[in-house]
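We count ligands from 1, going down the list as the structure has it; atoms in each ligand are counted the same way.
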Amino acid sequence: MNETIRSIMQRSSTRAYTGEAVPPEKITVLKAAALAAPTAINKQENRFVFVTDKDLLAKVNEKTYEVMVAESDNEGIALLEQRKAEDIFYNSPLVIFIYSQDSYYAAMDAGIAVQNLALAAHALGLGSCINGRCRRAFNREFEGNLCSTLGFAEDEEFRIAIGIGHIDKDKEPHTFDYSHIREIK
Ligand SMILES: Cc1cc2nc3c(=O)[nH]c(=O)nc-3n(C[C@H](O)[C@H](O)[C@H](O)COP(=O)(O)O)c2cc1C
């Protein structure tokens with residue numbers, strides 16, 4: 001099978017990492033993969049923060065939990081418990097946060113970039129898990145949100161994040177439901 005198709009088919013979310021750091025040469029490739037993503041009208045408004053600072057990731061984790069509790073997100077808290085998650089990033093040594101100014105396609109541009117990162121990580125022999133849960137840490141309605149800590153300007157918003165690292169425990173790719181596809185010929 002073609003390498004690209006194999007990566008698309010075999011990628012799955014990793015929720016257990018060894019903790020080993022992602023080597024700089026792989027981080028360089030991931031940066032290029034992020035910037036290679038297509039954007040509407042080639043506006044390239046995605047911005048990326050590559051974070052390996054454990055203390056900062058712990059802060060994002062803490063703030064996310066704080067907001068989950070404030071919002072009584074019992075389902076989310078129970079899911080993390082059920083997954084035996086040490087933290088919302090499952091101990092991934094690298095988390096990439098994508099943010100941008102508001103625009104009609106901002107979420108879509110970020111979604112495409114995050115999948116580029118997931119596939120690039122897979123191709124580099126690394127695991128990844130997209131993370132939307134941490135958006136709570138950047139909710140401007142909550143005092144002490146971490147927007148400025150991560151360097152977002154007033155008019156920039158969190159879109160999505162992805163944790164990346166060496167796989168400790170792998171998971172099978174999810175099953176496909178072909179009934180979700182219709183053809184009109
Ligand atoms: C927009 C988006 C947000 C997600 N947020 C989280 C998250 O916060 N935590 C998590 O463990 N997985 C998260 N995921 C991963 C999904 O749960 C996962 O992709 C799905 O269960 C299918 O499994 P697979 O990635 O192994 O195919 C997210 C995925 C997407 C696309």
Do [X] and [Y] make a side-chain contact, defined as non-hydrogen atoms from C-beta onward lying under 4.5 Å apart?
| X | Y | result |
| --- | --- | --- |
| K171 | T14 | no |
| I167 | H122 | no |
| D170 | S12 | yes |

Got an N/O contact under 3.5 Å between I160 and ligand 1?
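In fact, backbone or side chain, I160 has no N or O that close.
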Quick check for you: to the nearest 0.5 Å, what is the distance between N2 atom CG and M9 atom CE?
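Separation between the atoms: 10.0 Å.
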At what distance, to the nearest 0.5 angstrom, does CG of L150 lie from CG of N145?
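The CG atom of N145 is 10.5 Å from CG of L150, to the nearest 0.5 Å.
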May I ask you to list the atoms of ligand 1 that are less than 4.0 angstrom from any heavy atom of [X]?
| X | answer |
| --- | --- |
| S12 | 26 (O) |
| N131 | 5 (N), 6 (C), 7 (C), 8 (O) |
| Y90 | 9 (N), 10 (C), 11 (O) |
| R133 | 8 (O) |
| K171 | 23 (O), 24 (P), 26 (O) |
| R83 | 10 (C), 11 (O) |

Look at [atom] and say which protein heavy atom is nearest, naming residue and atom and giving the distance to 0.1 Å.
| atom | answer |
| --- | --- |
| atom 27 (O) of ligand 1 | H174 ND1, 2.5 Å |
| atom 18 (C) of ligand 1 | S13 OG, 3.5 Å |
| atom 28 (C) of ligand 1 | I130 O, 3.6 Å |
| atom 17 (O) of ligand 1 | R15 NH2, 3.0 Å |

Less than 3.5 Å apart, any donor N or O on the side chain of Y65 or R136 sitting next to an acceptor on the other?
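Distance-only check fails for Y65 and R136.
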Ignoring hydrogens and geometry beyond distance, is a side-chain donor-acceptor pair present between Q44 and N42 at under 3.5 Å?
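Yes - a donor-acceptor pair under 3.5 Å links their side chains.
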R159 side-chain N/O to Y99 backbone N/O, donor-acceptor pair under 3.5 Å:
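No.
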Does E172 reach ligand 1, in the sense of a heavy atom lying below 4.0 Å from it?
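Checking ligand 1 against E172, which is what was asked, there is no heavy-atom contact under 4.0 Å.
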What do you reckon, does C129 put a non-hydrogen atom under 4.0 Å from ligand 1?
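Within the 4.0 Å threshold, so yes.
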Check the orientation of F97 and F89. Use parallel for under 30°, tilted for 30 to 60°, and perpendicular for over 60°.
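Perpendicular: the ring planes of F97 and F89 meet at over 60°.
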Would atom 6 (C) of ligand 1 count as contacted, meaning some protein heavy atom under 4.0 Å?
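Protein heavy atoms within 4.0 Å of atom 6 (C) of ligand 1 - there is at least one.
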Relative to ligand 1, is I88 under 4.0 angstrom through side chain, backbone, both or neither, heavy atoms considered?
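Looking at I88 and ligand 1, no heavy atom falls under 4.0 Å.
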Atom OH of residue position Y105 - does it have more than 12 heavy atoms of other residues, nucleotides or ligands inside 6.0 Å?
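No, OH of Y105 has 12 or fewer neighbouring heavy atoms, counting only those of other groups under 6.0 Å.
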